[in-house]
Amino acid sequence: MSDKFYITTAIAYTSRKPHIGNTYEIILTDAIARFNRFLGKDVFFLTGTDEHGQKIQEIAEAAGITPKEHVDAVVEEIRSIADMLNISYDKFIRTTDDYHEKAVQQIFKKLYDQGDIYKSEYEGWYCTPCESFWTETQLKDGKCPDCGREVKKTKEEAYFFKMSKYQDRLMQYIEEHPEFIQPESRKKEMVNNFLKPGLQDLCVSRTSFSWGIPVSFDPKHVVYVWIDALSNYITALGYTPEEKGELYKKYWPADVHIIGKDILRFHTIYWPIMLMALGEPLPKQVFGHPWMLFGEEKMSKSRGNVIYAEDLVRHFGVDAVRYYSLHEMPFQQDGNITYEVFISRFNSDLANTLGNLVNRTVSMINKYFDGIIPDPCAPGDFDEDLKGIASGAVAKIEEKMKTLHVADSIDEIWAVVNRANKYIDETTPWILAKNEETKPRLGTVLYNLAEAIRIIAALLSSFMPETSKKIAEQIGASELSYESTKTFGTLRAGTKVGEAVPLFARIDAEAKMAELEAELAAEEKPEIEPYKDYIEFEEFEKLDIRVGKVIECERVKKSKKLLRFILDVGGEQRQILSGISQFHDPEELLGKNVLFVANLKPRKIMGLESNGMILSAEYKDELTVLTTLKDIQSGAVMV
């Protein structure tokens, strides 16, 4: 067994603050990293942020700040969430870090110099949120096949990576390394849907935006997301094509990349081929985890069905959030989160089952033995079964964690918890306490319970680290090592226990749901702009508001905000300029009937004449053009 273990998350995209669906990945990765440290391995755990791209540039421009100012703010939120959740990462990489940017430029240059990258022109459909190009045949109902959003036609000069050159080699590697893509269903999806139909060359630079790493030998191009973001797994270790850092020599290849199933193609096709081209080893495994759903839908900011980690922590605590995230997510199928289910699991699993076991045991030791763990001098029925299940749990967990079955591993811990609770019912310590003659047996029962709880605390340390420490403090345990969980009897008799403090106070579900609903209702209440002063009707009548059909719409060159409209107004044509390009793509407005003020004096903007004003509605950072419900005759007057 190797004593080194390198594990990574996908780096978080810094468009907006992550929700619990995004945060699940780093909790999962942390549990795996902690468990490998528990086994005694030398673990390096990398996480970080992906900070370049058109989407981020557009968000920053709309907010009137620089892209760097935007990503700096989001990165701090992402870091604070990770720290709040007790994530034990060893390094946090940002793709705006100087060393990363320099290494990416060198990687791009090496691939270009050896003929794997070439310059050409791209024409196709582009999805800004996914940062993906698609051909006409790949679109689904005319929209992005990944996220279902609108795409726009794009044509620009670009550099391309020769994917097809390495296709057969990658297919052979996957066949010879069946563990490379996990779970198995994800591997079949990649092979059947992408590799077998044949790989197209990959666009790896852009010229239509500037927020990215410049191509060193052609600075009008910026390195596109794939080479920039994916290479973080080696640049974080000090890799450059010229010099491989000590961390790289020590830890690469990665033992496992933990990623969402929606970015599996990039990590199991693009990334391995990049490494092959660089002449570097491939990661040992890529694990595509399922999604955490809100109700029955994928959690999404755009759908408005988002729960944030800090809200869950504020109401339920860090380890309750970690427990739910790790235990309620199946190995392959999507998991589900709702406040109702969360409260139910909190009460049944944490408060009633685990919390009650620890509380009862510590309370009885304090009550019957003045807080001193007694000597186990009177063995009896049920002892050996409890000891066997407790001391045998770690081997079962170790086997399950080898294949990243984290939820099943937690089930093995709860098997010990449940057996200990059953042991209390079988041995009836409250009855043993009534007779002085049975006090030695009572002492043995309580010792066995305390030792089982010590093993539980040790096993929980990878998954619920705060709870593990609290349990250890209550029973006075100092030994929570991996080796100590294999032997029943490590806890020393005569140890002083702490005060019996509830680990998880039972929640009144009805009251908590009412509190949450009131909180959500307050958040959802719209903040509208104050009404303006009253005007006379005659003043309103001065406005000539008409309907115009958009027959042309395009971005104004050298302007970040302006769109140029040509409207059909009752058979006549009218040109209007409007500063809304960050909110609408020109293509989506063609053919729409829009409302505009027709009697504004013409004015020149960037050398172009504007004859009117397109009407739009604005709320917070969003803006949308006002259109008519029906396809009314252009030129119609608003009354």
Side-chain angles (χ1 to χ4, degrees), residues 1-11 23-48 82-83 85-93 177 179-183 232-234 236-237 246-259 267 281-289 318-319 322-323 325-327 329 331 391-413 416 455-469 472 479-486:
M1 178 172 63
S2 172
D3 63 349
K4 295 180 178 61
F5 188 82
Y6 179 32
I7 186 170
T8 74
T9 66
I11 50 177
T23 308
Y24 160 69
E25 181 175 298
I26 201 168
I27 297 174
L28 173 68
T29 309
D30 182 65
I32 299 165
R34 283 178 179 272
F35 187 77
N36 279 276
R37 290 194 196 102
F38 181 65
L39 295 178
K41 294 184 183 181
D42 176 3
V43 172
F44 194 87
F45 171 12
L46 176 70
T47 191
D83 294 340
L85 290 167
N86 212 353
I87 304 301
S88 61
Y89 57 86
D90 294 289
K91 184 166 184 176
F92 190 104
I93 186 173
H177 299 80
E179 74 290 344
F180 176 56
I181 305 175
Q182 290 297 317
N232 91 89
Y233 303 122
I234 53 177
L237 300 178
E246 290 304 313
L247 287 176
Y248 180 83
K249 294 173 185 176
K250 181 179 181 181
Y251 289 109
W252 190 259
D255 290 84
V256 62
H257 293 317
I258 304 294
I259 62 163
H267 284 78
L282 272 56
K284 297 174 186 175
Q285 187 174 95
V286 179
F287 179 76
H289 65 73
V318 171
D319 273 5
R322 288 177 65 102
Y323 173 79
S325 300
L326 296 170
H327 186 252
M329 285 293 288
F331 182 68
S391 60
V394 72
K396 296 177 181 178
I397 293 169
E398 194 172 349
E399 282 302 307
K400 287 179 168 53
M401 289 298 288
K402 283 179 183 176
T403 55
L404 307 184
H405 283 76
V406 176
D408 294 339
S409 299
I410 294 175
D411 282 340
E412 293 296 340
I413 301 174
V416 184
I455 292 174
I456 290 166
L459 298 176
L460 280 175
S461 63
S462 303
F463 311 101
M464 301 170 67
E466 284 188 1
T467 301
S468 171
K469 290 178 183 177
E479 182 56 78
L480 299 179
S481 68
Y482 164 67
E483 288 299 328
S484 76
T485 61
K486 299 178 181 180

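Predicted, not measured: the structure shown is a model, and the values here were computed from it.
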For the pair L404 and Q182, evaluate side chain to side chain contact (heavy atoms under 4.5 Å, CB included) and give the outcome as yes or no after the intermediate values.
CA-CA 9 Å; L404 307 184; Q182 290 297 317; over 6 Å; no
Side-chain contact test, heavy atoms from C-beta onward, threshold under 4.5 Å: evaluate it for [X] versus [Y] and give yes or no.
| X | Y | value |
| --- | --- | --- |
| F180 | P283 | yes |
| I26 | F45 | yes |
| Y482 | E398 | yes |

Looking only at non-hydrogen atoms, find the nearest pair between [X] and [Y] and report the distance.
| X | Y | result |
| --- | --- | --- |
| S462 | F38 | OG-CB, 4.0 Å |
| L247 | A236 | CD1-O, 4.5 Å |
| S461 | R34 | O-CD, 4.0 Å |
| A31 | F463 | CB-CD2, 3.9 Å |

Would you confirm whether [X], through its side chain, and [Y], through its main-chain N or O, come within 3.5 Å as a donor-acceptor pair?
| X | Y | value |
| --- | --- | --- |
| E25 | A10 | yes |
| D30 | S88 | yes |
| N36 | K41 | no |
| S468 | M464 | no |
| Q285 | E179 | yes |

Kindly compute the distance separating [atom1] ([X]) from [atom2] ([Y]), expressed to the nearest 0.5 Å.
| X | Y | atom1 | atom2 | value |
| --- | --- | --- | --- | --- |
| H289 | I258 | NE2 | CD1 | 7.5 Å |
| M401 | I32 | CE | CD1 | 5.5 Å |
| T485 | L480 | OG1 | CG | 10.0 Å |
| L460 | D319 | CG | CG | 8.5 Å |
| Y251 | E246 | OH | CD | 12.0 Å |
| L46 | D90 | CG | CG | 9.0 Å |

Let's go through S409 and F35 carefully: what are the C-alpha distance in whole Å and the side-chain angles of both, what is the deciding distance for side chain to side chain contact (heavy atoms under 4.5 Å, CB included) to 0.1 Å, and is it a yes or a no?
CA-CA 11 Å; S409 299; F35 187 77; over 6 Å; no
Could you point out which residue of T47, T29, I7 forms a side chain to side chain contact (heavy atoms under 4.5 Å, CB included) with Y89?
T47
May I ask you to say whether D42 pairs ionically with K4, meaning some side-chain N is under 4.0 Å from a carboxylate O?
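Looking at D42 and K4, the cut-off is not met.
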Please assess L28 against L326 for the test side chain to side chain contact (heavy atoms under 4.5 Å, CB included), listing each intermediate value before the final yes or no.
CA-CA 6 Å; L28 173 68; L326 296 170; 4.3 Å; yes
Please lay out, stage by stage, how K396 and E399 fare under the test salt bridge (charged side-chain N to carboxylate O under 4.0 Å, His left out).
CA-CA 5 Å; K396 296 177 181 178; E399 282 302 307; over 6 Å; no
Residue pair H327, D411: steps toward the side chain to side chain contact (heavy atoms under 4.5 Å, CB included) verdict:
CA-CA 8 Å; H327 186 252; D411 282 340; 2.6 Å; yes
Just say parallel, tilted or perpendicular for the rings of Y248 and W252, cut-offs at 30° and 60°.
parallel
Taking side chain to side chain donor-acceptor pair (under 3.5 Å) as the test, write out the residues that go with H267, two or more places apart.
Y233
Could you tell me which residues satisfy side chain to side chain donor-acceptor pair (under 3.5 Å) with T8, sequence neighbours excluded, listed by chain and number?
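Expected list: H257.
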Is there a side chain to side chain donor-acceptor pair (under 3.5 Å) between R322 and T467 once you walk through the steps?
CA-CA 11 Å; R322 288 177 65 102; T467 301; over 6 Å; no
